[in-house]
Structure formats: C-alpha cells, structure tokens
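Worksheet: the structure to be examined is printed underneath.
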Amino acid sequence: MIQLKEGEIEKIISCDNPQLVKYVITDTIGSLKEEGLIHDLIMCYIQELDLSLALYKCSSLSNKEADNIRFAQEILMNKILNGIDA
C-alpha cells in the first residue's frame with residue numbers, strides 16, 4: 001500500500017484556483033510515475049487521496065477551500081473511471 005505524501009491534502013486545499021488544484025494532482029501523479037510506481041499503485045494512491053478528501057473535516061473550511069476539495073474529487077474520480085492519464 002502507498003501512503004499519501006505529507007501535506008498533500010493541505011496543498012490541494014490551499015490552492016488559489018481550480019487550475020492549481022489540477023496542477024498539484026497532475027504533478028503528484030507525474031512524480032509517482034517518475035519514481036517508477038506501477039499503474040495499480042498509482043491508482044491506489046488516487047483512491048486513497050479521494051477518500052482522504054471525502055473524510056476531511058469540512059466544518060472549518062472556507063468556501064474556496066471546500067470548492068478546492070470538490071474540484072479535486074471531480075478530477076480524481078475522472079482518473080479512477082477513465083485512467084490515470086485522463
């Protein structure tokens with residue numbers, strides 16, 4: 001099993017706009033590919049990140065932070081359904 005990188009959720013939440021959220025996710029997946037992880041392990045990472053975002057304590061988030069989580073979950077679900085390179 002692969003563990004989330006430290007601060008990954010905080011990086012997503014603190015993004016200034018949706019394009020940066022997409023960049024953070026794409027950059028992380030690219031780093032995992034460069035490290036030589038196989039497709040199945042990267043998919044496990046994506047699923048773990050998606051679940052962690054779903055379980056993140058949302059009561060103290062601003063609207064922008066909550067929107068970042070929703071947008072990140074949309075990106076991750078697209079990758080889960082259509083493949084890592086989607």
Side-chain angles (χ1 to χ4, degrees):
M1 189 61 136
I2 188 166
Q3 295 290 328
L4 290 179
K5 292 184 179 183
E6 188 173 329
E8 194 68 30
I9 293 175
E10 288 76 17
K11 281 196 293 188
I12 290 171
I13 291 171
S14 65
C15 288
D16 291 332
N17 59 55
Q19 288 77 22
L20 285 176
V21 172
K22 186 173 184 176
Y23 173 78
V24 167
I25 292 170
T26 304
D27 185 56
T28 300
I29 291 170
S31 296
L32 294 173
K33 285 180 180 179
E34 288 175 4
E35 292 173 14
L37 292 178
I38 61 172
H39 181 272
D40 291 342
L41 287 177
I42 295 173
M43 190 57 74
C44 287
Y45 182 87
I46 290 170
Q47 291 169 348
E48 187 174 333
L49 181 58
D50 186 47
L51 181 61
S52 295
L53 286 169
L55 297 174
Y56 194 80
K57 52 183 181 270
C58 293
S59 60
S60 61
L61 296 177
S62 70
N63 286 339
K64 181 189 82 160
E65 293 168 332
D67 288 343
N68 285 348
I69 287 177
R70 281 191 290 279
F71 186 69
Q73 287 176 306
E74 287 177 20
I75 293 169
L76 294 169
M77 187 55 64
N78 183 42
K79 292 190 178 299
I80 290 168
L81 295 174
N82 299 312
I84 292 170
D85 296 322

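Numbering of residues begins at 1 and proceeds along the displayed sequence.
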Closest non-hydrogen atom pair between [X] and [Y], with its separation:
X	Y	value
Lys79	Met43	O-CE, 3.5 Å
Val21	Ile12	CG2-O, 3.9 Å
Ile42	Leu37	CD1-O, 3.6 Å

| message | Salt bridge check, Asp67 against Lys64: does any charged N sit closer than 4.0 Å to a carboxylate O? | response | no

Checklist line | Pair Lys33 + Asp85: basic N to acidic O under 4.0 Å | finding: yes

### Task
Might you confirm whether atom CG of Asn63 has over 12 heavy atoms from other residues, nucleotides or ligands at distances under 6.0 Å?
no

Counting only heavy atoms not in Lys22, do more than 12 fall under 6.0 Å of its NZ?
no

Is it the case that one hydrophobic cluster holds both [X] and [Y], taking links as side-chain heavy atoms less than 4.5 Å apart, direct or via other members?
X	Y	result
Ile25	Leu41	yes
Ile69	Leu49	yes
Ile80	Ile84	yes
Leu53	Leu20	no

Between [atom1] on residue [X] and [atom2] on residue [Y], distance to nearest 0.5 Å:
X	Y	atom1	atom2	value
Tyr23	Ile75	OH	CD1	13.5 Å
Tyr45	Ile29	OH	CD1	8.5 Å
Leu51	Gln47	CG	CD	9.5 Å

**Asked** Can you tell me if Asn68 uses its side chain to pair, donor with acceptor, with the backbone of Cys15 under 3.5 Å?
**Response** yes

Using only heavy-atom distances, determine whether the side chains of Glu65 and Ser14 contain a donor-acceptor pair under 3.5 Å.
no

